[in-house]
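Keep in mind it's a predicted model, so treat the numbers as computed, not measured.
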Amino acid sequence: MAKVAVVFHSGYGHTQRMAQSVAQGAGADLITIDAEGNVPEAAWDTLAAADAIIFGSPTYMGSVSWQFKKFADASSKPWYVQAWKDKIFGGFTNSANVDGDKHSTLHYFMTLAMQHGGLWAGTGMAYNNHKGSQRTDVNYMASNAGPIAQTPGDASADEMNAGDLETARKYGERIAALAGKRG
């Protein structure tokens with residue numbers, strides 16, 4: 001069975017809910033980036049042992065949170081020795097706006113993965129873009145690069161869209177399956 005790690009920062013709990021859904025689908029270890037942008041020291045060993053690493057951050061001002069960026073900068077130590085080379089990578093994000101430039105956040109994750117010599121895995125999911133589609137459908141937000149969620153700014157994490165969370169869960173399943181095929 002593939003070892004998958006989900007490393008994420010969540011400002012208000014929404015991205016954490018997505019991380020939990022991705023981890024549920026992948027059977028992954030969750031690594032929380034704290035409010036100061038740090039992970040526990042043992043997290044670096046978990047990431048080194050993983051077959052796949054999935055990044056998560058809210059989209060703030062068209063990119064990742066500063067806490068995630070601090071983690072990314074700290075990942076220069078494994079980068080230096082190519083410790084994450086050839087791992088499967090993925091990523092997910094949430095913002096309050098329907099667009100909110102979430103794709104810029106996913107591109108940030110892709111660039112980070114490529115710098116580590118990794119292989120990016122998109123959603124592999126069809127869109128729900130016909131008249132009968134509902135906001136609660138899987139991949140209704142129509143992202144190929146990774147799951148994206150939209151939660152109104154005044155909605156709690158408990159009010160997240162079920163379709164967005166199911167998209168995240170299915171994405172976790174896909175990453176685990178892809179990583180397992182490589183092992």
Side-chain angles (χ1 to χ4, degrees), residues 2 4-33 47 50-65 67-68 71-72 87-114 118-130 133-153 155-180:
V4 181
V6 176
V7 59
F8 72 97
H9 171 254
S10 184
Y12 299 98
H14 304 89
T15 307
Q16 180 177 350
R17 287 229 30 224
M18 284 189 80
Q20 291 165 338
S21 293
V22 171
Q24 178 189 23
D29 292 318
L30 279 172
I31 299 170
T32 304
I33 300 169
L47 292 165
D51 300 303
I53 298 172
I54 306 171
F55 300 134
S57 172
T59 295
Y60 292 159
M61 304 306 290
S63 191
V64 297
S65 65
Q67 291 91 340
F68 189 92
F71 160 78
K87 292 181 186 289
I88 301 285
F89 283 86
F92 59 91
T93 189
N94 177 78
S95 74
N97 295 311
V98 173
D99 182 290
D101 297 314
K102 287 186 269 297
H103 209 66
S104 295
T105 300
L106 293 177
H107 273 262
Y108 179 90
F109 293 151
M110 284 181 229
T111 300
L112 180 60
M114 297 305 112
L119 307 167
W120 188 264
T123 63
M125 296 178 198
Y127 307 138
N128 279 297
N129 59 1
H130 50 84
S133 296
Q134 301 293 311
R135 178 65 183 89
T136 54
D137 289 343
V138 170
N139 205 23
Y140 181 86
M141 298 295 291
S143 175
N144 293 103
I148 58 175
Q150 184 271 326
T151 309
S156 73
D158 291 335
E159 297 174 274
M160 287 187 72
N161 185 285
D164 292 346
L165 295 172
E166 180 62 8
T167 301
R169 189 191 67 73
K170 287 180 174 289
Y171 184 64
E173 286 180 349
R174 181 166 200 251
I175 296 284
L178 290 171

Please tabulate, for side-chain N and O atoms in residues 91-99, each donor-acceptor pair with protein atoms closer than 3.5 Å (sequence neighbours left out).
{"from": "Thr93", "atom 1": "OG1", "to": "Ser57", "atom 2": "O", "distance (Å)": "2.5"}
{"from": "Thr93", "atom 1": "OG1", "to": "Thr59", "atom 2": "N", "distance (Å)": "3.2"}
{"from": "Thr93", "atom 1": "OG1", "to": "Thr59", "atom 2": "OG1", "distance (Å)": "2.7"}
{"from": "Asn94", "atom 1": "OD1", "to": "Thr151", "atom 2": "OG1", "distance (Å)": "3.0"}
{"from": "Ser95", "atom 1": "OG", "to": "Asn97", "atom 2": "O", "distance (Å)": "3.2"}
{"from": "Ser95", "atom 1": "OG", "to": "Lys102", "atom 2": "NZ", "distance (Å)": "2.9"}
{"from": "Asp99", "atom 1": "OD1", "to": "Asp101", "atom 2": "N", "distance (Å)": "2.6"}

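Within the 4.5 Å cutoff, the side chain of Arg174 has no heavy atoms near those of the Thr123 side chain. Counting heavy atoms from C-beta outward, Tyr127 and Asn144 have side chains that approach closer than 4.5 Å. Using a 4.5 Å heavy-atom threshold, the side chains of Met114 and Trp120 count as touching. In this structure, Tyr140 and Thr167 have side chains that are not in contact, with every pair of non-hydrogen atoms separated by 4.5 Å or more. Residues Thr32 and Phe8 have side chains in contact (heavy-atom distance under 4.5 Å, counting atoms from C-beta outward). Proximity of Val22 to Arg169: side-chain heavy atoms (C-beta onward) are nowhere separated by under 4.5 Å.
Listed here is the closest heavy atom pair of Ala19 and Leu30: O-CD2, 3.6 Å. Counting all heavy atoms, side chain and backbone alike, Ala157 lies closest to Tyr12 at CB-O, 4.3 Å. Nearest approach of Ala2 to Ala176, heavy atoms of both residues: CB-O, 3.7 Å. Of all the heavy atoms in Ala149 and Met160, the pair that sits closest is CB-CE, 4.1 Å. Contact detail for Ile88 and Ala179: the closest heavy-atom pair is CG1-CA, 4.2 Å. Here the closest heavy-atom approach between residue Ala28 and residue Val6 is recorded as CB-CG2, 3.7 Å.
Shown here are the ring pair (Phe, Tyr, Trp, His ring centres under 6.0 Å) partners of Phe109, two or more places apart in sequence or in another chain: Phe55, Phe68.
Checking Ser21 against Gln24 by side-chain atom types alone, no donor-acceptor pair falls below 3.5 Å.
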Test log, rule side chain to side chain contact (heavy atoms under 4.5 Å, CB included), inputs Met18 and Leu165: CA-CA 6 Å; Met18 284 189 80; Leu165 295 172; 4.3 Å; yes

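Contacts classified as salt bridge (Lys or Arg N to Asp or Glu O under 4.0 Å) and involving residues 134-143 (residues at least two apart or in different chains) are given here: Arg135-Asp164.
With rounding to the nearest 0.5 angstrom, the CD atom of Gln67 is 10.0 Å from the OG atom of Ser10. The distance from the CD1 atom of Ile175 to the CG atom of Asp51 is 12.0 Å, given to the nearest 0.5 Å.
We find that Glu173 and Lys170 are not joined by a salt bridge, their nearest charged nitrogen and carboxylate oxygen being 4.0 Å or further apart.
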